[in-house]
Amino acid sequence: AEEVQVATQTNAAVSFQLTVTIPVQNFAEVDPSAIELLVGALNNILQSVVCPQASNIVSCLASHLDTQTTSISSYRKLMHVSRQLVSEILSFTYQFDVGIECPSSGCNVNSITTALEDAAS
């Protein structure tokens, strides 16, 4: 008689977001193509840094979700004269989708997500 062995593989999908902020001045003068290059470069860097390199990682994909600009005004006193300094913060939000091969005991998706978020920040 032939013996048949059946192996069951369970995968879990983990998703989380990460926002990178960069201060800028005179955002209006920044060429939009430079922002596009920065978005692409950040995507590549974050994917290589944040995505875990482990044998149980089936897939890991970083994707750009959103770019926002926030103006920040501050006042500075120089020689008894108040002067307003305006700068802006660029916020780039990325989504990470990680596929994980679970052991036979299963995966705790919440703890895995927390560990990946902590490692990414």
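Note that the numbering runs from 1 along the sequence shown for the chain. Quick note: numbers below take in every heavy atom, side chains included, and nothing from hydrogens, waters or symmetry partners.
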What residues form a side-chain hydrogen bond (donor to acceptor under 3.5 Å, both in side chains) with [X], not counting sequence neighbours?
{"X": "Thr69", "answer": "none"}
{"X": "Ser33", "answer": "Asp31"}
{"X": "Thr114", "answer": "none"}

| task | Identify whether Ile100 and Val109 are in the same connected component of the hydrophobic contact network (ILVMFWY, side-chain heavy atoms under 4.5 Å). | result |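 Both belong to a single hydrophobic cluster.
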| Cluster overlap Leu37 with Ile35, hydrophobic side-chain contacts below 4.5 Å |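 No, no single cluster joins them.
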| task | May I have all residue pairs that pass ring-ring contact (aromatic ring centres under 6.0 Å, His included) and include part of residues 28-61, sequence neighbours excluded? | result |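 The answer is none; no pair qualifies.
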Just to verify, what does [X] make a side-chain contact (heavy atoms from CB on, under 4.5 Å) with, not counting sequence neighbours?
{"X": "Pro23", "result": "none"}
{"X": "Ile89", "result": "Thr21, Ile72, Ser91"}
{"X": "Leu65", "result": "Gln17, Thr93, Gln95"}

| request: State, to 0.1 Å, how close Phe92 and Ile22 come at their nearest heavy-atom pair, and which atoms those are. | output: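 For Phe92 and Ile22, the tightest heavy-atom pair comes out as CE1-CD1, 3.9 Å.
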Show the atom names and distances, to 0.1 Å, of all donor-acceptor pairs under 3.5 Å that link a side chain in residues 57-64 to residues at least two apart or in another chain.
residue: His64; atom: NE2; partner: Asp66; partner atom: O; Å: 3.1
residue: His64; atom: NE2; partner: Thr67; partner atom: OG1; Å: 2.8

| message | According to ring pair (Phe, Tyr, Trp, His ring centres under 6.0 Å), who are the partners of Phe96, at least two apart in sequence or on a separate chain? | response |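 Partners of Phe96 by the ring pair (Phe, Tyr, Trp, His ring centres under 6.0 Å) criterion, ordered by chain and then number, come out as Phe16.
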| task | Determine, stepwise, if the pair Ile112 / Val98 fulfils side-chain contact (heavy atoms from CB on, under 4.5 Å). | result | CA-CA 10 Å; Ile112 292 171; Val98 183; over 6 Å; no
| message | Under the side-chain hydrogen bond (donor to acceptor under 3.5 Å, both in side chains) definition, can you give me all pairs with a residue in residues 41-50, not counting sequence neighbours? | response |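 Not a single pair qualifies under side-chain hydrogen bond (donor to acceptor under 3.5 Å, both in side chains).
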| Are any non-hydrogen side-chain atoms of Pro52 and Leu116 less than 4.5 angstrom apart? |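 Contact flag for Pro52/Leu116 side chains = yes.
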